[in-house]
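Take a look at the structure below.
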Amino acid sequence: MKNAEIARIFYEMADILEAQGVDFKPRAYRNAAMSIETLGKDIEDVYKKGKLKEIPGVGESLAMKISEYIETGKIKAYEKLKKKFPVDMKGLTSVEGIGAKTALVLYKKLAVKSLKDLHRAAKNKKIRKIKGLGLKTERNILANIDFAKESGKRIPIGKALPSAINVLRKLEESSTVEKAEIAGSLRRMKETIGDVDILVLSKKPSNTMDFFTKMKTVKKVLAKGKEKSAVILDDGLHVDLRLIPKDSWGSALMYFTGSKEHNVEMRKLAIKKGMKLSEYGLFKKQKMVAGKTEEEVYRKLGLQFVPPEIRQNSGEMEAAAKKKLPDLVELKDIKGDLQMHTKWSDGSDTVEDMAKKADELGYEYICITDHGGNLKIANSLDWKRVKKQRKEIDKVNRKSKVKVLQGLEINIRKDGTVDVPELLMKELDVVVAGIHANFKQDEKAMTKRMLKVLENRYVDIIVHPTCRMINERKPISFDKEKVFQKAADEGVVLEIDAQPSRLDLNDANSKKALGYGCMLSIDTDAHSAETLGYMHYGVGTARRAWATKKDILNCLSLKKMMKKLK
DNA sequence: GCCGTTTTCGGCCCGACTGTTTTCAGTCG
């Protein structure tokens, strides 16, 4: 797919145009780049159908440029810009404090083209001599260049959320705090987080700031002010605390929750309706008309309340205006968990432990899916041990309120066959299959492999379908269209693995799968009773994908769920 | 360069902060 390449070129053209002081075009290029990035369709197909101009933000001129790229592999206007300013814009502007304009000044005056050049220029004390820049800028550059290399690493939500909640609880216990809430991408349940934003309403601002910066878990105080403080915790998490005036609580929460793109659309809508929206409130001719709560702001703009998870400017504004937002799945809708491991294979607790915890969570059923087959993963069960385990499960079922089902997590071989005989699969309540080796097959082979396993009449659920590990392993590549369509046709359920290191399918792929009519299940893949509690991460991902409870297999009662399975 | 419940022209999100100025441009979120 050429989507990413074309988007990158447009982003870069935007930077160069902006550096030259061109008005408005940069925004147009960026808008188009973002649409293309998140298109969900192969841009070459769109081109072939002659529908480039239907992409939001793409008009006459950009459609020509896209066509040119697809036909010839390059864009003349881009080559021309690049020749004039052969600068690594993306690299240079990744340094905090350097934008397109500064990058261009540095190129013109000091021939800085790359981060390396920039580092050298700063070390040689050249920056301070440039008009418009100065000593502080030079020092900033030196300080931020190293930081730029180290940062950019976003923290997985599984680490950020518990830590942030811990801070939130402490704040709530403090006598000076009336209200505290997590905002930012964490509230939107994004899979990785840059830093955490916490908003507070305080009776005694200076005491609250003292309390915050002196918490035991604070490693370093980055800034301490009247309205905003920033710290780094022992675990490396960067947390910002902001004091919010009572009357602006809702508009501030909305502003700091983002996403940025959602906020921009909200402000545009406000203007269209003769108002103005900022973090301080919604105003009509200087007069505040809303701001205390988010609900109020959305209502005054004629919108349904938009849940944080889908504030991504990917259709939620239009749906909210038509009052047609989906009723997103909630944690309380979950009636069971269909993937987990016990001591029988590589888990750390017993069947009974899992059932007990599931009862605490209010579930109706769980399915034990220890590893099966002959692959050498983690103490896989053979037929004999499956039968022994069944006896133990029966025993637990005699006294457990939660119905315990027996399944196996089996392996999808290189050719799409599975490594467990049909007669054994037939005896199980649920069969879940996943890829555990040969991740690097090319797209064609991998697609074939997936299509083949989807035809297997005993396979109910494909677990962690893309096998990605956040920040660690890239997803396997297969043709999403073909595979999702096939899964829908065959009635095979695709999983959102709720392990915060996986979240697989991710939000975008889940949304795509739903578009093809697939059913999803949200399972924890727990290897201990405790981690059955990871369900909310999966639910967050499903919500980001606009999933309702009708889309989720394990929101069904036991009876209906079993009927849905192959 | 795009776009339209301000529709083929004239707009295009908002406010804070920083470092450089001497009233503001650039950058960021």
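Reminder, nothing fancy here: chain letters follow the sequence lines and each chain counts from 1. Computation of the quantities below employed the complete heavy-atom set of this structure, encompassing side-chain atoms and omitting hydrogens, waters and symmetry-equivalent molecules. Because the structure is predicted, anything quoted here is derived from the model rather than measured.
Counting any heavy atom pair closer than 4.0 Å across all strands shown, A:Lys268 reaches sugar-phosphate atoms only and no base atom. As judged by a 4.0 angstrom heavy-atom cut-off over every strand, A:Tyr255 is placed among the base-contacting residues. If you check every strand for non-hydrogen atoms under 4.0 Å, A:Glu60 touches sugar and phosphate atoms only. In this structure, A:Asn140 reaches the sugar-phosphate backbone alone: every heavy-atom distance under 4.0 Å involves primed, P, OP1 or OP2 atoms, never a base. When heavy atoms are screened at a 4.0 angstrom cut-off, A:Ala270 is found touching no nucleic acid atom at all.
Between A:His262 and A:Tyr298, the two ring planes are tilted [angle within 30° to 60°].
As the counterpart of B:dT8, no nucleotide is assigned, since no Watson-Crick or G-U wobble pattern has both distances under 3.5 Å.
The separation between A:Lys129 atom NZ and B:dT20 atom C1' is 19 Å, rounded to whole Å. The separation between A:Ile141 atom CD1 and B:dG19 atom C1' is 12 Å, rounded to whole Å. We find that NZ of A:Lys131 is positioned 13 Å from C1' of B:dC24, with the value rounded to whole Å. Between the CZ atom of A:Arg30 and the P atom of B:dC2 there is a distance of 15 Å, given to the nearest Å.
Side-chain atoms of A:Leu62 lie closest to B:dG1 of the nucleotides B:dG26, B:dG1, B:dA16. Side-chain proximity of A:Lys260 to B:dG29, B:dG1, B:dG15: nearest is B:dG29. Comparing B:dG1, B:dC14, B:dT6 by their nearest atom to the side chain of A:Ser278 picks out B:dC14. For A:Ile271, the listed nucleotide lying nearest its side chain is B:dC14; candidates were B:dC14, B:dG1, B:dG26. Minimum atom distance to the side chain of A:Thr137 is reached by B:dG19, of the listed B:dT27, B:dC14, B:dG19. Each of B:dT20, B:dG1, B:dG26 was ranked by its minimum atom distance to the side chain of A:Phe24; first place goes to B:dG1.
No cation-pi contact links A:Arg188 to A:Phe256, judged by a cut-off of 6.0 Å to the six-membered ring centre and 45° from its axis.
A donor-acceptor contact under 3.5 Å is not formed by the side chain of A:Tyr280 with the base of B:dG15.
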